[in-house]
Amino acid sequence: MTFARFPYLSCILLSCVIGLLIILFLPERRKQVIKWVSAVFSAIPLMFSLYLFLAYDKSTGGLQFVEKILWVKSLGITYFNAADGFNLPNLLLTGIVFFTGVLTMWEMQTRVKEFYALYFLLVTGVFGVFMSMDVFFIFVWYDVSLFPMYLLIAVWGTTRKEYAAMKLTLYLLAGSALILPAIAYLFVKSGMNTFDIVSLMQPGTFTADQQKFAFILLFLGFGILAAVWPFHTWSPVGHVAAPHAVSMVHAGVLMKIGAFGVLRVAIFLCPQGWQHWAQLMALLAAIGIVYGALAGLRQTDLKFVIGYSSVSHMGVVGLGLSTVSADGLNGAIFQMFAHGVMTALFFSSVGYIYDKTHTKAIGELGGLSKIMPVASTYFIVAAMASMGIPCLASFWGELVVFISAFKVYPVRGAMAVGALVISALFMLRVVQKTFYGPKNEQFEQLPDVPFGLAVPRMILVAVLVFFGLYPSILFDVIETASIPFMNGLP
Amino acid sequence: MKWMIFSPEIFYLLAGLWFLALSMLPRAGSGRNYFSALFLAAAGILVCLISVKSAGTLFFNAYQVNLFSQVFKVLLSLGLFLVICLCPNLTAVKAKHHPEFYLLLFVCTLAMMMLVSSAHLLAIYVSLELSSYSLYILVVLRRGKDMGIEAGIKYFLIGIFASAVMLFGMALLYGTTRATYIGEMARVLPGVIDKPAVVIGMLLTLGGFFFKLAVFPFHFWAPDVYQGAANQVAAYIATASKVAAMALLVRMVALTGGAAASKYLVHVLVVLSIVSMTVGNLAAIVQKDIKRMLAYSTIAHAGYILIGILSMSTAGYGAVIFYALSLLVMKFTAFLVAVKVADDDRNLDIDRLAGLHQRSPLLAMALMVSIFSLAGIPPTIGFTGKLFVFLAAMEQGYFTLVLIAMINVVISLYYYLLVLKAAYLLKPDAAVSEIPLSPQAKVLTTALIVVMVVVGIFPGYVLELAEAAARAIV
């Protein structure tokens, strides 16, 4: 554990909070100023997270850039941030999606100030969950990232937005209703009067029964946010209704904090519970993969297609986590990163198409590649990533997860790979219907993506391709955490 | 100098006398009443703060001043001050009744202060009645023919019923323990608390405070009274009066000497807690009037508070004291928004919040923070309060109870979000103007938002104070 000489991690949070405060004090009519402020204060966390990712010392591993302050003494709450191989890819992902999300919404005109204020609040929570090493703070950040979602969807959303917003909020907070008692239970049972994960994860802190009990609550609680089947129904509905940047953050990052919560809280604190419930986790994940792919086949709305493919891909993350192996963890974290970038690209490009055509119905679109070749390219790249084509980042995540899953659960692994074929089928169908075939005359005059708006999409494509070509950069970092963690298990 | 420890009570008594004198003088403009009330209430906070460290006993030990009582006195004086801040345009009460209105508010606060210090059953009873009677009249004072009177009569009838129950309980307690002093009782009770007569006596005595706090089955009055009373009076009942009730519940339950000895009592409290929060939350879902909704949410909160009380540990009592502060601030903020939006003193339908984010962004934000705080979402004071209560309960092993409470929190979120939806999403039917806020009101609103968030994030100091106060009575 090396302490930070400069509080990089806190600066990421601080940049979000300062950006939020500045936006709150700007008048609504200065829309352009608000957008520039948002762009600047979302670029800072991206740069910091990129710096941390590069500066992390892989040879020593462990927790680095540690910041630790006692917060509430009588309850042993510490403000404890650290970077390790598990959260660095996710911090980087959040930085990328945050920044590109701001740029994606550049053309928005309604209630700009409130939108960016809530958007910043949401992302502050997400960053907080990823960097915190204190269970109490993880819970607080987790809830902070959830409640702006209600307004973001209900005010700026589109399809059945009020229903979707309410459903999403209630589902996710039902998850936190399971998490809080579980955390309180572990806190009390440890008898150590601390929420510090590093202290609590020492072997022997909890008995096997306590771990089994707490694990299932934590898994279900965080799992709802990771869209674990059968608690996934909020997710496609929410993705569809949310405004584009929120869909990007939501599918790209927010669902990852669910999976990350399972790892950081449930698996770290209750490894025996993890081993005990792994079979169930694998089963739910495999069903999710198959179910998401099958449901995606039948959708007629572009965003629903992406929503169900997210359910399917998050199933891959779940499957990786359920293998109880270092390879599985590596694959899961890699898949979290790859899927985050990929979905962000998906929603970003659908966002552009929807802004221009005002429809997301696959049947009404058609031949778009002739009208907007650039916008179409972005979607098709994302679709290829979703199918798991080599040279794009998603390929590696899925490959590693499936290999490790085959070793442990051959049948469920085979189911998952079969579902991958289905998902390739439905992605190809969507691409074919939307971008090829006869043109829809009424969209003939629509402009293609101008350069300024193409920047966020280009960044996302570049990241997908870069980590598709050099996956070891990411795997090397993840392994510094996963291998010691697995070796430390009893 | 012994009487120095009595200074808050003396101060509020003198303030009450001042308004009594004003009520007999020829009527002047309403400004004089309001400003003198505001000044006196602010000075009252100061007096309470100065005497916060004092300790001692008075009146043959029937009156006990310690950190516990003084912390609650600060909270009560704060509650009074906040409510008076709502009264610059007090049109809900006839102008000629204004001195009486303030007189009753100050007397009621005085009575509650005496209540939290009382260490003798009779003193408790007398103070409780004094505060209740002031409130009965305050409810009736609302301008208009029937609403206030109807609510006042309901309040009065249920109130005297609760007092009768409480007196019966006190008689039983005296009959079984031969003690009327709280200190003596604390020695005798732990040994006999599992005897049926003592359990019944204790529960009936608590009934009087359950009535104040609106705990099931003494909750029926709350929605009607909140709806019928003037908005300012409803705010007072929802904040200061609840704080006093929490203090007394903690005090009485602390007499029993721990959860291990009094398992029957705990069983009953668990049931009451679960029913209170479930009934409150389910009934709140269908409410159209924001005050009725807040009344049902108060009933639900009473359930959460009972969780802390039935933990019967220092941590639990400390958590309840912390919760008292959080309830005071967040409930008051919700009422502040209601008062400002309903400037014509009518009751406020939730739909009438439509377009609030345009009419006054500051009020909309205050409403949002208070709603999230009431719903118990971090990083607000309401979440921190709930967390401490739940941790205290978990330490005593009430896992299922905490889980049920969390499920209730999710249910409650539904109707809280509907309020938020009205404020941020609904379009008003007709064109509505901006809500004018005086600079003082802006400062107050901002301060409340800051307190809700900052104490939520940095609870350390307040929590330590609350735990120190709790140790004073255990």
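Numbered from 1 within each chain, the chains take letters A, B, ... in sequence-line order. Side chains included, hydrogens not; waters and symmetry mates left out as well; all remaining heavy atoms used. Small disclaimer: the values here were computed from a predicted structure and weren't measured.
- Contacts between Tyr185(A) and chain B at a heavy-atom distance below 4.5 Å involve backbone atoms as well as side-chain atoms.
- Proximity to chain B is absent for every atom of Tyr142(A), based on heavy atoms less than 4.5 angstrom apart.
- Counting heavy-atom pairs closer than 4.5 Å to chain A, the top-ranked of the candidates Ile411(B), Leu387(B), Ile407(B) is Leu387(B).
- Residue Met293(B) holds its CE atom at 7.5 Å from CG of Leu374(B), rounded to the nearest 0.5 Å.
- In this structure, chain A has no heavy atom under 4.5 Å from any part of Gln358(B).
- Neither the backbone nor the side chain of Ile183(A) comes within less than 4.5 Å of any heavy atom of chain B.
- Outside the 6.0 Å centre-distance limit, the rings of Tyr424(B) and Tyr150(A) are not counted as a close aromatic pair.
- Ranked by non-hydrogen atom pairs under 4.5 Å with chain A, the options Met368(B), Met365(B), Glu395(B) are led by Glu395(B).
- Exactly one residue among Phe195(A), Phe127(A), Phe130(A), Trp71(A) makes a ring-ring contact (aromatic ring centres under 6.0 Å, His included) with Phe137(A). That residue is Trp71(A).
- Top candidate by heavy-atom pairs under 4.5 Å with chain B, chosen from Gly125(A), Ser176(A), Ala165(A), Ala184(A), is Ala184(A).
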Give the C-alpha distance, both sets of side-chain angles, the deciding distance and a yes or no for side chain to side chain donor-acceptor pair (under 3.5 Å) between Lys189(A) and Thr207(A).
-> CA-CA 9 Å; Lys189(A) 291 296 172 194; Thr207(A) 65; over 6 Å; no
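- In terms of heavy-atom pairs under 4.5 Å with chain B, the best-connected choice from Val140(A), Ile77(A), Leu146(A), Val72(A) is Val140(A).
- For chain B, the nearby parts of Leu173(A) are the backbone and the side chain; heavy atoms of each come within less than 4.5 Å.
- Tyr171(A) does not touch chain B: none of its heavy atoms, backbone or side chain, sits under 4.5 Å away.
- For Glu162(A), the part lying under 4.5 angstrom from a heavy atom of chain B is the side chain only.
- Only the side chain of Leu151(A) has a heavy atom closer than 4.5 Å to any heavy atom of chain B.
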